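Here's the structure we're looking at; comments come further down.
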Protein chains: 2
Amino acid sequence: MPHRPSLEDVARIAGVSTATVSRVLNAPARVRPETRERVERAVERLGYTPHFGGRALASNRTDTVGAVIPTMENAIFARGLQALQEDLADAGVTLLVATSNYDKAQEARQIQTLLARGVDGLVLVGEARDDAVYAYLAGRAAPFVLVWTWRADCSWPCVGFDNFAAARDVAERVLGFGHRRIAMIAGVTRDNDRARSRVQGVRAALADRGLALEAPFLIEADYRIEAGSAAAQRLLADTGRPTAIICGNDVLGAGAMVGARAAGYRVPQDVSITGFDDIDIAQLLDPALSTVHVPHRRMGRMAAKLLLALRDPQGTVTSVCIETEFIERGSLGVSPPSAPEGGLGDDGSRQSDPHGPL
Amino acid sequence: MPHRPSLEDVARIAGVSTATVSRVLNAPARVRPETRERVERAVERLGYTPHFGGRALASNRTDTVGAVIPTMENAIFARGLQALQEDLADAGVTLLVATSNYDKAQEARQIQTLLARGVDGLVLVGEARDDAVYAYLAGRAAPFVLVWTWRADCSWPCVGFDNFAAARDVAERVLGFGHRRIAMIAGVTRDNDRARSRVQGVRAALADRGLALEAPFLIEADYRIEAGSAAAQRLLADTGRPTAIICGNDVLGAGAMVGARAAGYRVPQDVSITGFDDIDIAQLLDPALSTVHVPHRRMGRMAAKLLLALRDPQGTVTSVCIETEFIERGSLGVSPPSAPEGGLGDDGSRQSDPHGPL
DNA sequence: AGGCGCAATGCAAGCGCTTTCATTCCAAGT
DNA sequence: ACTTGGAATGAAAGCGCTTGCATTGCGCCT
């Protein structure tokens, strides 16, 4: 059983020292062409690949960065990561992915794990985490960038978008369609600054018109279609039901559409629905879901860029704000005239078959 | 600037040798409780974390496994990976993810990269790859398991399902609804044994009834909604159009539904459509997409189990076949009586508004 | 001709950890 | 009391690589 070839084996065969082989691998320009070629032949012949541990130990770099995302089962993260990974790969950097399942403690643990794995940098989703975690990162001098979030006065490098502004914009559009009884199905806001900002954005827009956004017109639901559906049905069951439901993300939006239909309401004639993210299903729904388009791929690429910049020198980087865009589709229509604008009562008349689709 | 604490620092503070500290970390049972506690306190106090490179170098293990998937932007892979990752994490193993973008050469490169990163094992999607790659894996003595595929006589450990049988089952169901003019929109079969097996399964079922599956009733489309839509429109544009379209996956199925509608056909009255995978969108479509449910999470968990078993001793493992299930939903209906059963001509009468949805 | 500087290469010291082997200590057996 | 075996621990040899410094060889300047 022949040994896995080592630098020394290559050196022996090429008739040079290990130092030279190492240089051929890491700084080819510093080696005379003939020597270099001899070494390369030896590498080829032995099928030599550097030993990762040895390299990491000696150079204290791993050319690896880590990302901690809530879950891969969410198209938006998947897409962003994909782009991130591609760009990192182009720079010879490998991506290590860990998931937190939307749990703060688990995220902290994963960050530790990744740092223990020797990652050269980290990509973290959102801004909401304990100071202790940030202190830990600082203590280890670990470069990181936050994604999916952006604030003008964020203390750390981030590349993302202004969730508050985008959500506010959504609400303003909805208001523009004449809606006044507006409800929101938000994502879980605990430990999630994105979900929280979206709620605040919507609330701010409504407040500008003197409208409030509070329970029971504000429901939180976790990231599942069924949760969105249940929430919508709850909202629509009441007399004094909303004429529009703003959802914190597209999955909840899709769920809301399913729920509205199940409750016998038509979209958008009886109730308008909006989402956030613009994932594939938004276009597939019938009517298609009005939503906020977020260029996830671009965000991933920018994150890669920042991270690579952050990695080498002590060069600082500036945060990047990605532009989002409201996409108006069929699920958003004018407020039904029959709906009361401010009163409490509602005749509850439904314009469609209560045993409609689904 | 204090140094990152090393084993030696811990040893000094605890008043023991580095060997003992190492043992506390790796085989706590082998050190006396009092000593152990002293060491643990020192570890705590210094905030010591083992250096990954050092450990990898000395022990030649990394507690890391790699997965190479076509793309993260595909819900099925994401879901399987998520489960895989969770179970590996429970065993203290980290997952390294790389993507091949459905490209054979890129996959080979990623495998090399991951092995160079010192992964202890690999998860690979499907079975179709060059012998050279398998030889390389064998040469490096790298344990691996194949996922998303299963054959009784597969030469390597795999955990997946029988794509051929499942696809054949789909076709039989479709035949059971009286369809005889059946077309298929397949995924790209090049370098993709899953897509290929699905085509063959459908073909086999049709052959049993004396029917063929060939161009122009067999179209390949890449993994995008638009591609499925375009393919469906092409299929339906012809006179002698199919009454049922079997799609190689749900994304193509969703695309086909969009395309059929755009061409003015109703599903399932004018044309039935089936998918494969049972991702979220299948249920959201209207009518919902009939498809094959694949328990991706279970598959991910089994893959984790095999991989962990494969990792330590030379213990061999046996492949696992996961059961799939056909889910009948609204998109599959009886063959329209107006459609000719075997002839070439077709009056092309459409029963719906040619300017229908989309 | 002698000296200088630079480019190319080699030497060898670690990087932080694991692990074999040797040592020490103690309790139990004779 | 003396041996013996086992448990706990330490000493030290690497694991494969990078890199600072030393060495060599060469062309060129004075």
Side-chain angles (χ1 to χ4, degrees), chain A residues 1-40 42-43 46-64 92 115-118 120 140 312, chain B residues 1-40 42-43 46-64 92 115-120 140-141 312:
Chain A
M1 184 74 197
H3 211 43
R4 175 197 214 278
S6 74
L7 244 212
E8 203 178 330
D9 299 325
V10 176
R12 193 173 331 111
I13 291 202
V16 297
S17 71
T18 61
T20 299
V21 179
S22 176
R23 281 190 279 258
V24 168
L25 264 31
N26 300 300
R30 299 191 47 199
V31 177
R32 199 153 40 112
E34 306 112 75
T35 318
R36 193 193 311 156
E37 199 183 324
R38 203 144 33 96
V39 171
E40 280 164 353
V43 166
L46 290 175
Y48 168 79
T49 353
H51 185 282
F52 180 68
R55 174 176 286 198
L57 182 55
S59 69
N60 216 30
R61 284 181 313 114
T62 58
D63 289 335
T64 297
L115 286 176
R117 282 299 188 280
D120 295 335
R140 308 260 314 210
D312 244 359
Chain B
M1 182 75 196
H3 211 44
R4 175 197 213 278
S6 75
L7 244 211
E8 202 176 330
D9 299 326
V10 177
R12 193 174 329 110
I13 291 202
V16 296
S17 72
T18 61
T20 298
V21 179
S22 176
R23 279 190 281 260
V24 168
L25 263 31
N26 300 301
R30 298 192 47 198
V31 342
R32 202 152 40 111
E34 308 108 77
T35 318
R36 194 193 313 157
E37 200 183 325
R38 203 146 32 95
V39 170
E40 279 163 353
V43 166
L46 291 175
Y48 169 77
T49 352
H51 185 281
F52 181 68
R55 176 176 285 204
L57 181 55
S59 69
N60 217 29
R61 283 180 313 112
T62 57
D63 289 334
T64 297
L115 286 176
R117 283 291 187 287
V119 297
D120 295 334
R140 308 260 315 209
D312 243 358

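Quantities reported herein were computed from a predicted structural model and do not represent experimental measurements. So you know, we letter chains A, B, ... as the sequences are listed, proteins then strands, and number each from 1.
- Here the side chain of B:H51 is nearest to one of D:dT18, C:dC17, C:dT18, namely C:dC17.
- Listed by chain and residue number, B:V16, B:T20, B:V31, B:R32, B:R38 satisfy the side-chain contact (heavy atoms from CB on, under 4.5 Å) test with B:T35 (two or more places apart in sequence, or in another chain).
- Residue A:V16 is classed as a sugar-phosphate contact, given heavy-atom separations below 4.0 Å to backbone atoms only.
- Remark: B:E40 pairs with no residue by the salt bridge (charged side-chain N to carboxylate O under 4.0 Å, His left out) rule, at least two apart or across chains.
- Between the CZ atom in A:F52 and the CG atom in A:D63 there is a gap of 8.0 Å [rounded to 0.5 Å].
- The residue among B:L57 and B:R38 whose nearest nucleotide of DNA chain D lies closer to the 5′ end is B:R38.
- In this entry the distance linking CZ of B:R55 with P of C:dC15 reads 19 Å, nearest Å.
- Distance alone, capped at 3.5 Å, places no donor-acceptor pair between the A:R36 side chain and the A:L25 backbone.
- Atom CD in B:E8 sits about 8 Å away from atom P in C:dC15, given to the nearest Å.
- The side chain of B:S59 sits closest to C:dT18 out of C:dC17, D:dT18, C:dT18.
- In this model, the phosphate group of D:dG16 is not approached by any side-chain N or O of A:S6 to a distance below 4.0 Å at OP1 or OP2.
- In this structure, B:E37 places its CD atom 18 Å from C1' of D:dT9, rounding to the nearest Å.
- Every residue was checked against the salt bridge (charged side-chain N to carboxylate O under 4.0 Å, His left out) condition with A:D120, not counting sequence neighbours, and none meets it.
- Residue A:A19 places its side chain closer to C:dC11 than to any other of C:dC11, D:dC17, C:dT18.
- Residues passing the side-chain contact (heavy atoms from CB on, under 4.5 Å) test with B:A116, sequence neighbours excluded: A:T49.
- Side-chain N/O atoms of B:R32 include one lying less than 4.0 angstrom from OP1 or OP2 on D:dT9.
- The distance from atom CZ of B:R61 to atom P of C:dT18 is 8 Å, rounded to the nearest whole Å.
- Out of D:dG10, D:dC17, C:dT19, the shortest distance to the side chain of B:T20 is found at D:dG10.
- For A:L57, the side-chain contact (heavy atoms from CB on, under 4.5 Å) test picks out B:H51, B:L57, with sequence neighbours left out.
- Separating the CG atom of A:N60 from the P atom of D:dT18 is a distance of 13 Å, rounded to the nearest angstrom.
- Residue whose closest nucleotide on DNA chain D sits further toward the 5' end, between B:T35 and B:A58: B:T35.
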Distances under 3.5 Å between protein N/O atoms and the N/O atoms of nucleotides 21-28 of chain C, please, pair by pair.
none

